[in-house]
Asker: 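Attaching a single structure in structure tokens format; questions to follow.
Model, not experiment: these values are computed from the prediction.
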Amino acid sequence: MQRLLTVQQVEQLKAFDTCVISDAIESFGVRLRNEGFATAGFRCLFKSLPPMVGWAATCMVRSADPPITGSRYIERTDWWKHITAVPAPRVVVMQDVDQPPGTGAFLGKVHVNILLALGCVGAVTNGAARELPGIQASGFQVFAGRLAISRAYIHVVEFGGAVEVGGLTIQPGDLIHGDRHGILTVPTELIPRLPGVASRIVKMKQHIMDLSRQAGATPEELSRELKTLLDFSANQTSDGVDQRK
């Protein structure tokens, strides 16, 4: 399992929106720019909440079909041990494997408060959520594919393995960063350097915006500063040498 995050590191990562974190990760050149983030399949339900940062605990659920006997499936709590085995803060990533997903909702106000008690700060699912006022009051962030009225026959079928949501494969222990724009995974080796690099990117973006508002700013000046931003590499020293070479 991944190393612990200090409170300071969590707060540093939460200080930046997920777009800036994405830009910072890209500046290290550790993965392709079209990898590491979800592209579709769900949306952020509580856009006013700060960015969500946490280690992934994973499971798969179904809700469309009734059990062979009885009126509902037995409520599994054995997967809670998997959740608490992941370092805090935790994010539950739940793949609804029904086709189509989201007949019933696992995430409602009761389960969200249980997940909070287990050290979770948010959840991501391609399935459904319900009882939004109760969830919002708890401060728990949810990314969901749709809203539902009922739990239907929702039940956990697997946990602790790789899941896929929004085209992004997530392993238990992956570090998740998410806000109103979506979610991405953070390469853990970058954690110590990400806040500093993100701060530099924010300043470069602000410089270009300030320049664009100045009377007399020329296309040549704007083009030069934009190129500096787009070519920025976290691996370059002050004299422009790429440290990876």
Side-chain angles (χ1 to χ4, degrees), residues 1-18 20-22 24-25 28 30-31 35-38 42 44-46 49-61 76-96 106-107 110-127 129 135 138-144 156-166 168-179 181-199 234:
M1 196 54 68
Q2 305 295 344
R3 59 183 167 174
L4 299 175
L5 282 175
T6 66
V7 173
Q8 181 181 21
Q9 286 175 320
V10 171
E11 293 305 314
Q12 287 175 335
L13 291 173
K14 287 174 63 176
F16 301 98
D17 66 44
T18 306
V20 171
I21 294 295
S22 178
I25 292 171
F28 285 93
V30 295
R31 65 190 182 199
E35 295 179 345
F37 55 89
F42 57 82
C44 176
L45 297 187
F46 307 116
L49 289 179
M52 175 187 74
V53 177
W55 303 104
T58 62
C59 71
M60 295 182 179
V61 298
R76 293 184 65 173
T77 59
D78 53 339
W79 77 291
W80 295 357
K81 291 182 180 180
H82 163 61
I83 295 175
T84 56
V86 174
R90 305 172 177 107
V91 173
V92 169
V93 184
M94 182 175 293
Q95 180 182 354
D96 188 326
F106 184 93
L107 297 169
V110 172
H111 273 104
V112 157
N113 276 277
I114 291 173
L115 293 176
L116 280 168
L118 297 175
C120 301
V121 296
V124 181
T125 182
N126 62 320
I135 298 177
S138 72
F140 188 92
Q141 182 60 278
V142 173
F143 297 78
V156 174
V157 294
E158 294 182 31
F159 61 87
V163 295
E164 182 178 327
V165 289
L168 177 64
T169 299
I170 297 177
Q171 301 283 349
D174 282 352
L175 184 60
I176 306 295
H177 193 290
D179 67 5
H181 302 95
I183 68 162
L184 54 71
T185 55
V186 178
T188 55
E189 69 273 17
L190 302 185
I191 291 172
R193 296 183 61 192
L194 268 182
V197 171
S199 292

Asker: Got a second to check how far I21's CD1 is from K14's NZ, nearest 0.5 Å?
Answerer: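 Separation between the atoms: 12.5 Å.
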
Asker: Answer yes or no: is there a donor N or O on one side and an acceptor on the other, between the side chain of R193 and the main chain of A234, under 3.5 Å?
Answerer: yes

Asker: Could you pull out all residues at least two apart from A57 that satisfy side-chain contact (heavy atoms from CB on, under 4.5 Å)?
Answerer: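 Scan of A57 (side-chain contact (heavy atoms from CB on, under 4.5 Å), adjacent residues dropped) gives H82, I83, V86.
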
Asker: Using the side-chain contact (heavy atoms from CB on, under 4.5 Å) rule, take V92 and F140 through it: C-alpha gap first, then chi angles, then the decisive distance, then the call.
Answerer: CA-CA 11 Å; V92 169; F140 188 92; 5.8 Å; no

Asker: For R31, enumerate each residue passing the salt bridge (Lys or Arg N to Asp or Glu O under 4.0 Å) test, keeping only those at least two apart in sequence or located in another chain.
Answerer: none

Asker: Locate the shortest heavy-atom distance separating L175 from G54; write the atom from each residue and the value.
Answerer: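 L175 and G54 have their closest heavy atoms at CD1-O, 3.5 Å.
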
Asker: Given 3.5 Å as the limit, does a donor-acceptor pair link the side chain of E164 with the main chain of Q95, or not?
Answerer: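 The answer is no, because no donor-acceptor pair under 3.5 Å joins these two groups.
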
Asker: Mind checking what makes side-chain hydrogen bond (donor to acceptor under 3.5 Å, both in side chains) contact with D179, not counting sequence neighbours?
Answerer: T18, H181

Asker: Among all residues two or more places apart in sequence or in another chain, which pass the side-chain contact (heavy atoms from CB on, under 4.5 Å) test with V121?
Answerer: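 side-chain contact (heavy atoms from CB on, under 4.5 Å) check on V121 returns M52, P89, V91.
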
Asker: Keeping the roles fixed (side chain from T125, backbone from M94), state whether a donor-acceptor pair exists under 3.5 Å.
Answerer: yes

Asker: How many angstroms lie between atom CG of N113 and atom CD1 of I135, to the nearest 0.5 angstrom?
Answerer: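 Those atoms lie 9.0 Å apart.
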
Asker: Partners of W80 by ring-ring contact (aromatic ring centres under 6.0 Å, His included), sequence neighbours excluded?
Answerer: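 Result, ring-ring contact (aromatic ring centres under 6.0 Å, His included) vs W80: none returned.
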
Asker: Not counting sequence neighbours, which residues clear side-chain contact (heavy atoms from CB on, under 4.5 Å) with S199? List them please.
Answerer: F16

Asker: May I have the step-by-step check of side-chain contact (heavy atoms from CB on, under 4.5 Å) for D17 and V20, ending in yes or no?
Answerer: CA-CA 6 Å; D17 66 44; V20 171; 3.4 Å; yes

Asker: Please name the pair of heavy atoms, one in L107 and one in V142, separated by the smallest distance, quoted to 0.1 Å.
Answerer: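 Closest approach of L107 to V142: CD1-CG1, 4.0 Å.
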
Asker: How long is the gap from CG on D174 to CG on L184, to the nearest 0.5 Å?
Answerer: 11.0 Å

Asker: Compare all side-chain heavy atoms of I25 with those of P187 and state whether any distance is below 4.5 angstrom.
Answerer: yes

Asker: Can you find a pair of side-chain heavy atoms, one from V197 and one from F28, that are under 4.5 Å apart?
Answerer: yes

Asker: So which atom in R76 and which in F159 form the shortest heavy-atom distance, rounded to 0.1 Å?
Answerer: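 Closest heavy-atom pair between R76 and F159: NH2-CE2, 3.1 Å.
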
Asker: Restricting to non-hydrogen atoms, name the atom on G161 and the atom on T58 that form the minimum distance, rounded to 0.1 Å.
Answerer: O-OG1, 2.6 Å

Asker: If we ignore hydrogens and angles and just use 3.5 Å, is the side chain of N126 paired with the main-chain N or O of D96 as donor and acceptor?
Answerer: yes

Asker: For residues L49 and G139, report the shortest heavy-atom separation together with the two atoms involved.
Answerer: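 For L49 versus G139, the nearest heavy atoms are CD1-O, 3.7 Å.
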
Asker: Report the distance from atom CD1 of I170 to atom CD1 of I176, rounding to the nearest 0.5 Å.
Answerer: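 Here the interatomic distance stands at 4.0 Å.
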
Asker: Under the side-chain contact (heavy atoms from CB on, under 4.5 Å) test, which residues partner E158, sequence neighbours left out?
Answerer: M60

Asker: Looking only at non-hydrogen atoms, find the nearest pair between C59 and V163 and report the distance.
Answerer: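 Heavy atoms of C59 and V163 come nearest at O-CG1, 3.5 Å.
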
Asker: Roughly how far apart are E11 CD and T6 OG1, rounded to 0.5 Å?
Answerer: 9.5 Å

Asker: Listed by chain and number, what are the ring-ring contact (aromatic ring centres under 6.0 Å, His included) partners of F106, not counting sequence neighbours?
Answerer: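 F106: ring-ring contact (aromatic ring centres under 6.0 Å, His included) contacts with W79, H111.
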
Asker: To the nearest 0.5 angstrom, please state how far the NE2 atom of H177 sits from the OG1 atom of T185.
Answerer: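 The OG1 atom of T185 is 12.0 Å from NE2 of H177, to the nearest 0.5 Å.
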
